[in-house]
Amino acid sequence: VLNNAPGTPGCTLFRVSTATGLVIAPLSASTALSNTSLTLGITATTFTPITASGGVGNKSFSITPALPAGLSLNSSTGAISGTPTTASVSTSYTVTVTDSSSTVSSTFSLSVNPALSASSGSIPANIYKDSPVTPFSPVSISGGTSPITYAVSPSLPAGLTLNASTGVISGTPTSTAVNATYTITATDANGDTETGTFSTQVIMPTAPGAPTIGIATATGQTTATVSF
(Lines give C-alpha, C1' and ligand atoms only; values in the text may rest on other atoms or scores of the structure.)
Protein backbone atom coordinates (compact mmCIF):
# COMPACT_ATOMS: atom_id res chain seq x y z
CA VAL A 1 0.00 0.00 0.00
CA LEU A 2 1.44 3.41 -0.95
CA ASN A 3 0.57 6.78 0.46
CA ASN A 4 1.92 8.33 -2.73
CA ALA A 5 3.16 7.22 -6.12
CA PRO A 6 6.44 5.26 -5.93
CA GLY A 7 9.55 7.38 -6.34
CA THR A 8 7.87 10.68 -5.45
CA PRO A 9 8.75 12.79 -2.38
CA GLY A 10 7.02 11.57 0.75
CA CYS A 11 6.50 8.09 -0.65
CA THR A 12 6.42 5.47 2.12
CA LEU A 13 6.05 1.78 1.46
CA PHE A 14 3.81 -0.27 3.75
CA ARG A 15 3.07 -3.95 3.73
CA VAL A 16 -0.24 -5.63 4.40
CA SER A 17 -0.29 -8.91 6.27
CA THR A 18 -2.05 -11.55 4.18
CA ALA A 19 -2.93 -13.36 7.38
CA THR A 20 -4.52 -10.48 9.28
CA GLY A 21 -5.05 -7.78 6.72
CA LEU A 22 -3.22 -5.34 9.00
CA VAL A 23 -0.84 -2.72 7.62
CA ILE A 24 2.77 -3.38 8.61
CA ALA A 25 5.03 -0.33 9.02
CA PRO A 26 8.37 -0.40 7.19
CA LEU A 27 11.49 -1.39 9.11
CA SER A 28 13.20 1.59 10.73
CA ALA A 29 16.15 2.18 13.06
CA SER A 30 16.70 5.08 15.45
CA THR A 31 19.47 6.14 17.81
CA ALA A 32 18.40 5.77 21.44
CA LEU A 33 21.85 6.59 22.90
CA SER A 34 23.96 8.86 20.74
CA ASN A 35 27.06 8.82 22.94
CA THR A 36 28.14 6.32 25.59
CA SER A 37 31.30 6.35 27.74
CA LEU A 38 32.52 3.26 29.57
CA THR A 39 35.46 2.70 31.92
CA LEU A 40 38.22 0.17 31.37
CA GLY A 41 37.74 -2.94 33.51
CA ILE A 42 34.26 -2.01 34.73
CA THR A 43 31.35 -4.19 33.60
CA ALA A 44 28.97 -2.17 31.45
CA THR A 45 25.32 -1.89 32.34
CA THR A 46 23.66 -3.51 29.31
CA PHE A 47 22.53 -0.82 26.88
CA THR A 48 20.81 -0.70 23.48
CA PRO A 49 22.09 2.29 21.48
CA ILE A 50 20.05 1.58 18.34
CA THR A 51 16.41 0.47 18.43
CA ALA A 52 14.34 -0.92 15.58
CA SER A 53 10.63 -0.89 14.84
CA GLY A 54 8.30 -2.07 12.10
CA GLY A 55 9.41 -4.60 9.55
CA VAL A 56 8.45 -8.19 8.92
CA GLY A 57 9.56 -11.23 10.87
CA ASN A 58 12.53 -11.52 13.15
CA LYS A 59 15.18 -8.79 13.19
CA SER A 60 18.94 -9.29 13.34
CA PHE A 61 21.54 -6.74 14.41
CA SER A 62 25.18 -6.34 13.38
CA ILE A 63 27.79 -3.65 14.04
CA THR A 64 30.80 -2.08 12.33
CA PRO A 65 33.58 -1.54 13.14
CA ALA A 66 34.14 -4.22 15.78
CA LEU A 67 33.43 -3.19 19.36
CA PRO A 68 36.34 -2.71 21.80
CA ALA A 69 37.67 -5.98 23.24
CA GLY A 70 35.43 -7.41 25.96
CA LEU A 71 32.19 -5.98 24.58
CA SER A 72 29.66 -7.79 22.42
CA LEU A 73 26.44 -7.05 20.52
CA ASN A 74 23.43 -9.31 20.94
CA SER A 75 22.46 -10.06 17.34
CA SER A 76 18.81 -10.67 18.30
CA THR A 77 18.19 -7.59 20.44
CA GLY A 78 20.91 -5.07 19.58
CA ALA A 79 21.94 -4.86 23.24
CA ILE A 80 25.62 -4.33 24.09
CA SER A 81 27.17 -5.86 27.19
CA GLY A 82 30.46 -7.02 28.64
CA THR A 83 33.56 -5.68 30.40
CA PRO A 84 35.91 -3.61 28.21
CA THR A 85 39.52 -4.78 28.45
CA THR A 86 41.12 -2.05 26.34
CA ALA A 87 40.74 1.72 26.34
CA SER A 88 39.33 3.33 23.21
CA VAL A 89 38.87 6.90 22.00
CA SER A 90 35.39 7.99 20.98
CA THR A 91 34.49 6.06 17.81
CA SER A 92 31.39 6.09 15.61
CA TYR A 93 29.72 2.70 15.16
CA THR A 94 27.04 1.70 12.69
CA VAL A 95 24.38 -0.79 13.75
CA THR A 96 22.59 -2.49 10.87
CA VAL A 97 19.15 -4.03 11.36
CA THR A 98 17.84 -6.63 8.92
CA ASP A 99 14.42 -8.24 8.69
CA SER A 100 13.09 -10.74 6.17
CA SER A 101 13.15 -8.31 3.28
CA SER A 102 14.89 -5.02 4.15
CA THR A 103 17.89 -3.44 5.88
CA VAL A 104 18.27 -0.16 7.78
CA SER A 105 21.03 1.32 9.93
CA SER A 106 21.86 4.05 12.43
CA THR A 107 24.98 5.24 14.27
CA PHE A 108 26.17 6.02 17.78
CA SER A 109 29.50 6.90 19.44
CA LEU A 110 31.30 4.88 22.10
CA SER A 111 34.46 5.47 24.13
CA VAL A 112 36.26 3.42 26.78
CA ASN A 113 38.13 5.64 29.23
CA PRO A 114 41.21 4.53 31.19
CA ALA A 115 40.58 3.35 34.73
CA LEU A 116 40.89 5.82 37.59
CA SER A 117 44.36 6.31 39.06
CA ALA A 118 45.56 8.33 42.06
CA SER A 119 48.79 10.18 42.82
CA SER A 120 49.99 12.59 45.48
CA GLY A 121 48.63 16.13 45.24
CA SER A 122 49.46 19.29 47.17
CA ILE A 123 49.29 19.78 50.95
CA PRO A 124 50.08 23.00 52.85
CA ALA A 125 53.24 22.84 54.95
CA ASN A 126 51.23 24.03 57.97
CA ILE A 127 47.53 24.42 58.73
CA TYR A 128 46.73 26.80 61.57
CA LYS A 129 43.68 27.08 63.79
CA ASP A 130 41.44 30.05 62.88
CA SER A 131 43.44 30.77 59.69
CA PRO A 132 41.79 30.18 56.29
CA VAL A 133 43.66 27.59 54.24
CA THR A 134 44.55 28.07 50.61
CA PRO A 135 42.32 25.48 48.83
CA PHE A 136 44.33 22.36 48.04
CA SER A 137 43.93 18.93 46.39
CA PRO A 138 45.81 16.37 48.50
CA VAL A 139 45.14 13.53 46.03
CA SER A 140 45.33 13.92 42.26
CA ILE A 141 42.93 11.74 40.24
CA SER A 142 43.20 10.95 36.53
CA GLY A 143 41.29 8.70 34.13
CA GLY A 144 37.74 7.50 34.69
CA THR A 145 34.45 8.70 33.24
CA SER A 146 32.88 11.99 34.30
CA PRO A 147 31.33 12.95 36.57
CA ILE A 148 33.77 11.90 39.30
CA THR A 149 32.76 12.29 42.95
CA TYR A 150 34.99 12.46 46.02
CA ALA A 151 34.62 11.42 49.65
CA VAL A 152 37.00 11.50 52.64
CA SER A 153 37.42 9.30 55.69
CA PRO A 154 37.67 9.92 58.59
CA SER A 155 36.00 13.33 58.83
CA LEU A 156 38.27 16.32 58.30
CA PRO A 157 39.14 18.59 61.22
CA ALA A 158 36.32 20.96 62.19
CA GLY A 159 36.02 23.87 59.78
CA LEU A 160 37.55 22.09 56.77
CA THR A 161 35.40 20.65 53.97
CA LEU A 162 35.97 18.48 50.90
CA ASN A 163 34.32 19.53 47.64
CA ALA A 164 32.59 16.33 46.49
CA SER A 165 32.82 17.38 42.83
CA THR A 166 36.47 18.47 42.68
CA GLY A 167 38.29 16.85 45.60
CA VAL A 168 39.50 20.26 46.78
CA ILE A 169 39.76 20.95 50.53
CA SER A 170 39.08 24.44 51.87
CA GLY A 171 37.82 26.27 54.92
CA THR A 172 39.02 27.68 58.22
CA PRO A 173 39.86 25.14 60.94
CA THR A 174 38.17 26.01 64.21
CA SER A 175 40.16 23.74 66.51
CA THR A 176 43.52 22.05 66.66
CA ALA A 177 43.88 18.45 65.49
CA VAL A 178 46.64 15.91 65.95
CA ASN A 179 48.39 14.54 62.89
CA ALA A 180 46.15 11.96 61.20
CA THR A 181 45.94 10.04 57.93
CA TYR A 182 42.92 10.62 55.68
CA THR A 183 41.70 8.56 52.73
CA ILE A 184 40.20 10.22 49.64
CA THR A 185 37.95 7.93 47.56
CA ALA A 186 37.11 8.89 43.98
CA THR A 187 34.19 7.23 42.15
CA ASP A 188 33.46 7.69 38.46
CA ALA A 189 30.16 7.55 36.55
CA ASN A 190 30.51 3.82 35.88
CA GLY A 191 31.35 2.81 39.45
CA ASP A 192 35.12 2.62 39.16
CA THR A 193 36.83 3.64 42.44
CA GLU A 194 40.33 4.69 43.41
CA THR A 195 41.79 5.85 46.72
CA GLY A 196 44.68 7.99 47.88
CA THR A 197 45.87 9.02 51.34
CA PHE A 198 47.40 12.09 52.93
CA SER A 199 48.34 13.23 56.43
CA THR A 200 47.92 16.60 58.06
CA GLN A 201 47.34 18.34 61.39
CA VAL A 202 45.99 21.64 62.68
CA ILE A 203 48.25 23.59 65.04
CA MET A 204 48.10 26.84 66.96
CA PRO A 205 49.58 29.86 65.19
CA THR A 206 53.18 30.59 66.13
CA ALA A 207 53.29 33.25 68.85
CA PRO A 208 55.34 36.41 68.15
CA GLY A 209 58.87 36.20 69.53
CA ALA A 210 59.05 37.40 73.11
CA PRO A 211 61.98 39.62 74.17
CA THR A 212 64.87 38.03 75.98
CA ILE A 213 65.35 39.75 79.32
CA GLY A 214 68.95 40.21 80.31
CA ILE A 215 70.54 41.25 83.59
CA ALA A 216 70.61 44.80 84.83
CA THR A 217 73.77 45.84 86.64
CA ALA A 218 74.62 49.08 88.38
CA THR A 219 77.99 50.68 89.03
CA GLY A 220 78.34 53.44 91.51
CA GLN A 221 75.37 55.58 92.44
CA THR A 222 74.41 57.09 89.09
CA THR A 223 75.11 54.61 86.20
CA ALA A 224 73.04 51.50 85.28
CA THR A 225 73.37 49.10 82.30
CA VAL A 226 70.31 47.14 81.17
CA SER A 227 70.57 44.40 78.50
CA PHE A 228 67.62 42.82 76.65
Exercise for the section: Using the rule that two of Ile, Leu, Val, Met, Phe, Trp, Tyr join whenever any of their side-chain heavy atoms come within less than 4.5 Å, decide whether Phe47 and Ile42 are in one cluster. Expected result: no
Problem - Reported OG-to-CG distance for the pair Ser81 and Leu73, which is rounded to 0.5 angstrom - result: 8.5 Å
Exercise for the section: Check step by step if side chain to side chain contact (heavy atoms under 4.5 Å, CB included) holds for Ile203 and Tyr128. Expected result: CA-CA 5 Å; Ile203 60 177; Tyr128 297 107; 3.5 Å; yes
Handout entry: Donor on one side chain, acceptor on other, Ser106 and Thr31, under 3.5 Å
Key = yes
Handout entry: Point-to-point distance, once rounded to the nearest 0.5 Å, from OG of Ser175 to CG of Leu160
Key = 9.0 Å
Handout entry: Distance-only polar pair, side chains of Ser117 and Ser142, donor-acceptor under 3.5 Å
Key = yes
Exercise for the section: Side-chain contact test, heavy atoms from C-beta onward, threshold under 4.5 Å: evaluate it for Ile127 versus Phe136 and give yes or no. Expected result: yes
Exercise for the section: Kindly work out whether a path of hydrophobic side-chain contacts (I/L/V/M/F/W/Y, heavy atoms less than 4.5 Å apart) joins Val95 to Val104. Expected result: yes
Handout entry: Side chains of Ser153 and Thr183, donor plus acceptor under 3.5 Å
Key = no
Exercise for the section: Identify the two heavy atoms, one from Ser109 and one from Ser92, that lie closest to each other, and give their separation to 0.1 Å. Expected result: OG-CA, 4.2 Å
Exercise for the section: Measure the shortest side-chain to side-chain distance between Pro65 and Tyr93 over non-hydrogen atoms and say whether it is less than 4.5 angstrom. Expected result: yes
Problem - Pairwise side-chain contact, Pro49 with Ile80, heavy-atom cut-off 4.5 Å (strictly under) - result: yes
Exercise for the section: Can you measure from CG (Asn190) to OG1 (Thr43) and round to the nearest 0.5 angstrom? Expected result: 10.5 Å
Handout entry: Thr48 side chain reached by Thr77 side chain, heavy atoms, under 4.5 Å
Key = no
Exercise for the section: Flag yes if Leu40 and Leu116 sit in one hydrophobic cluster, no otherwise; membership is Ile, Leu, Val, Met, Phe, Trp, Tyr, and two members link when side-chain heavy atoms are under 4.5 Å apart. Expected result: no
Practice task
Verify whether one side chain among Thr181 and Ser199 offers a donor that lies under 3.5 Å from an acceptor in the other.
Solution key: yes
Exercise for the section: Using a 4.5 Å cut-off on heavy atoms from C-beta on, say whether the side chain of Thr145 contacts that of Asp192. Expected result: no
Exercise for the section: For Asn179, look at atom CG and say whether over 12 heavy atoms of other residues, nucleotides or ligands are found less than 6.0 Å away. Expected result: yes
Problem - Polar side chain donor-acceptor pair, Asp188 to Thr39, under 3.5 angstrom - result: yes
Exercise for the section: Determine whether the side chains of Ser53 and Ser28 contain a donor N or O and an acceptor N or O closer than 3.5 Å. Expected result: yes
Handout entry: ILVMFWY network linking Ile148 to Leu38, side-chain heavy atoms under 4.5 angstrom
Key = no
Practice task
Assess the side chains of Thr51 and Ser30: does a donor N or O sit below 3.5 Å from an acceptor N or O?
Solution key: yes
Handout entry: Residue from Thr166, Ile169, Val168 passing side-chain contact (heavy atoms from CB on, under 4.5 Å) with Ser137
Key = Val168
Handout entry: Euclidean distance, Asn163 CG relative to Thr149 OG1, rounded to 0.5 Å
Key = 11.0 Å
Exercise for the section: Check whether any side-chain heavy atom of Val139 sits under 4.5 Å from a side-chain heavy atom of Tyr182, and report yes or no. Expected result: no
